[in-house]
Amino acid sequence: MADNNEKHKIVIVGGGAAGLELATRLGNKLGKKGLAEIMLLDASSTHIWKPLLHEVAAGTLGETEEIEYLNQAHRNHFRFRLGRMEGLNRRKKEIYVSPTLGDKGEELIPRRTFSYDTLVMSVGSVSNTFNIKGVAEHCMFLDTTSQAFKFQKQLVEAYMKSHAGSNTDNKPLSIAIVGAGATGVELSAQLHEVTDLLAVYGLDESSNVKLTIIEAATQLLPALPSKLAIATQQQLIKLGIDLKMGRRVVEVTKEGIKTHDGEMIEADLKVWAAGIKAPDWMKQLDRLETNHINQLMVDQTLKTSDDAIFAMGDCAACPWPDHDENVPPRAQAAHQQASTLYKTLVNRLNGRPPVNYVYRDYGSLVSLGKYTTVGNLMGNLMGSVSVGGFIARVVYLSLYKMHQVAIHGYFRTAMLTLSNLFRRSAHAKIKMH
């Protein structure tokens with residue numbers, strides 16, 4: 001705990017779904033009353049809910065979905081600092097932040113040190129390349145907002161080059177997505193919709209884009225029951241998306257993707273969505289215990305091996321009682337963990353015990369854009385229910401609304417929703433820049 005003359009310092013590293021929700025709630029509960037000093041650190045200046053990054057990549061997400069951290073901090077009584085954490089000293093209770101560089105490599109903000117009384121690690125996850133040759137050099141990733149915007153820019157440029165440039169043999173633009181989890185499946189459907197829109201906007205008479213999903217497993221969407229996975233597979237086949245199941249990637253080159261059976265799948269754009277891990281630098285956090293994918297090991301209260309350090313979201317390996325695996329890395333889990341940790345940290349200041357985190361699985365939903373939404377809902381009241389189409393779409397959107405309510409409150413969320421409805425009637429469905 002902090003000295004009596006100083007406010008208790010809570011530092012949250014990572015402004016994803018869980019981190020921003022926790023900072024907002026603690027700011028309004030403790031920061032507003034001067035009971036604690038809340039600081040959020042993130043390497044980006046804006047927040048977008050990670051399950052929407054496939055829409056950013058496709059260029060279909062409205063700009064109003066971005067949240068400025070500084071504005072959010074000002075309105076909700078916490079401090080925001082821009083930067084990337086690079087180290088930790090548990091004895092001194094300090095974190096170290098790398099210098100922030102400009103576009104030309106010049107130093108904008110020097111290396112800094114921040115002290116804490118309570119530290120919360122919420123840095124999310126990055127793509128796991130499994131050390132496969134050529135993946136890092138030739139594939140694009142959708143781990144961050146900047147990566148998603150970069151992909152969207154390259155998509156439009158590649159499309160223009162293929163359809164409005166010197167492509168005399170009318171060869172289709174080929175896009176290959178490695179990984180048939182939620183990200184890969186949602187991105188493929190969104191890209192199909194976007195390429196049709198690009199054709200409608202006059203770049204060509206038809207989209208002439210070849211979309212391929214490559215997956216090592218024999219089934220799409222392992223998180224869903226096989227019945228729903230098959231329904232999704234049938235929907236993607238109807239859209240003309242080529243599914244190469246049971247194909248393990250062994251190498252990626254500039255020209256395409258090689259699979260274990262010797263096939264070479266040519267692709268102009270290659271996206272890697274085949275697995276996640278916590279960032280590699282997490283392995284060197286002053287001897288904090290991690291697992292094989294760099295996640296911090298936590299107990300049922302989300303506390304690490306250090307009494308002053310907690311972890312939540314994709315970067316935390318949280319036990320799931322009565323299951324053979326940890327709590328899955330889903331947005332609903334991050335939302336629940338932020339709510340639990342909020343109670344624990346308030347208790348911590350008042351000398352009360354921490355709250356145990358209990359994961360409640362409300363099922364899995366996968367959005368296929370305008371085509372359909374499939375999923376399963378599992379609850380104590382209704383058992384297991386399969387949903388599809390319009391109802392599932394409403395449920396999928398409600399998960400995002402829960403996140404918005406945690407960030408903005410009910411009234412502001414309602415106003416933002418109305419604003420977006422009006423904007424859609426006046427703005428293009430896709431970004432062309």
Any side-chain donor near an acceptor of the partner, Thr46 and Glu68, under 3.5 Å: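 Short answer, no.
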
Glu86-Ser98 side chain donor-acceptor pair, cut-off 3.5 Å: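 Result is yes, a qualifying pair exists.
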
Is there a side-chain contact between [X] and [Y] in this structure, where contact means two heavy atoms from C-beta onward sitting under 4.5 Å apart?
| X | Y | result |
| --- | --- | --- |
| Phe151 | Leu142 | yes |
| Phe114 | Met39 | yes |
| Leu288 | Asp286 | no |
| Thr113 | Val97 | no |
| Ile214 | Leu243 | no |
| Val327 | Tyr357 | yes |
| Leu41 | Ile12 | no |
| Lys270 | Val178 | no |

Shortest non-hydrogen separation from [X] to [Y] and the atoms involved:
| X | Y | answer |
| --- | --- | --- |
| Ile132 | Trp272 | CD1-CH2, 3.7 Å |
| Ala57 | Leu187 | CB-CD1, 4.1 Å |
| Ala338 | Ala18 | CB-O, 3.6 Å |
| Gly15 | Asp42 | N-OD2, 2.6 Å |
| Leu285 | Gly87 | CD2-C, 4.4 Å |
| Ile213 | Ala180 | CG2-CB, 3.9 Å |

Is it the case that the side chain of [X] and the backbone of [Y] share a donor-acceptor pair, with hydrogens and angles ignored and the cut-off at 3.5 Å?
| X | Y | result |
| --- | --- | --- |
| Thr118 | Ile10 | no |
| Asn76 | Asn28 | no |
| Arg248 | Thr259 | no |
| Gln337 | Gly313 | yes |
| Asp314 | Gly124 | no |
| Glu106 | Lys104 | yes |
| Lys343 | Pro354 | no |
| Glu107 | Ile109 | no |
| Gln152 | Val56 | no |
| Lys254 | Asp268 | no |

Worked verdict on Asn356 versus Thr301 for side chain to side chain donor-acceptor pair (under 3.5 Å): CA-CA 5 Å; Asn356 280 347; Thr301 68; 5.5 Å; no

Looking at [X], I'd like to know if its [atom1] atom is crowded, meaning that more than 12 non-hydrogen atoms belonging to other residues, nucleotides or ligands lie closer than 6.0 Å.
| X | atom1 | result |
| --- | --- | --- |
| His260 | NE2 | yes |
| Asp261 | CG | yes |
| Lys303 | NZ | yes |

Aromatic plane relationship, Trp320 with Tyr359 - under 30° parallel, 30 to 60° tilted, over 60° perpendicular: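 If you compare the ring of Tyr359 with that of Trp320, the planes turn out perpendicular.
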
Residues in side-chain contact (heavy atoms from CB on, under 4.5 Å) contact with Leu35, at least two apart in sequence or another chain: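 side-chain contact (heavy atoms from CB on, under 4.5 Å) check on Leu35 returns Leu30, Lys33.
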
Distance, nearest 0.5 Å, that separates NZ of Lys244 from CD of Glu263: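 Taking NZ in Lys244 and CD in Glu263, the distance rounds to 4.0 Å.
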
Spacing of CD belonging to Glu255 relative to NE2 belonging to His138, to within rounding of 0.5 Å: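 The CD atom of Glu255 sits 8.0 Å away from the NE2 atom of His138.
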
Residues that His47 engages under ring pair (Phe, Tyr, Trp, His ring centres under 6.0 Å), provided they are two or more places apart: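 With sequence neighbours excluded, His47 shows a ring pair (Phe, Tyr, Trp, His ring centres under 6.0 Å) to His403, given in chain and number order.
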
Look at [X] together with [Y] and state whether they make a salt bridge at an N to O cut-off of under 4.0 Å.
| X | Y | answer |
| --- | --- | --- |
| Asp117 | Lys93 | no |
| Lys258 | Glu251 | yes |
| Arg90 | Asp306 | yes |
| Arg25 | Glu21 | no |

Ser115/Lys9 under side chain to side chain donor-acceptor pair (under 3.5 Å): CA gap, chis, key distance, verdict: CA-CA 8 Å; Ser115 61; Lys9 295 178 181 175; 3.2 Å; yes

Candidate pair Gln295 and Thr290, rule side chain to side chain donor-acceptor pair (under 3.5 Å), full reasoning: CA-CA 5 Å; Gln295 292 174 314; Thr290 57; over 6 Å; no

Residues that Arg81 engages under salt bridge (charged side-chain N to carboxylate O under 4.0 Å, His left out), provided they are two or more places apart: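 So Arg81 forms no salt bridge (charged side-chain N to carboxylate O under 4.0 Å, His left out) with any residue.
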
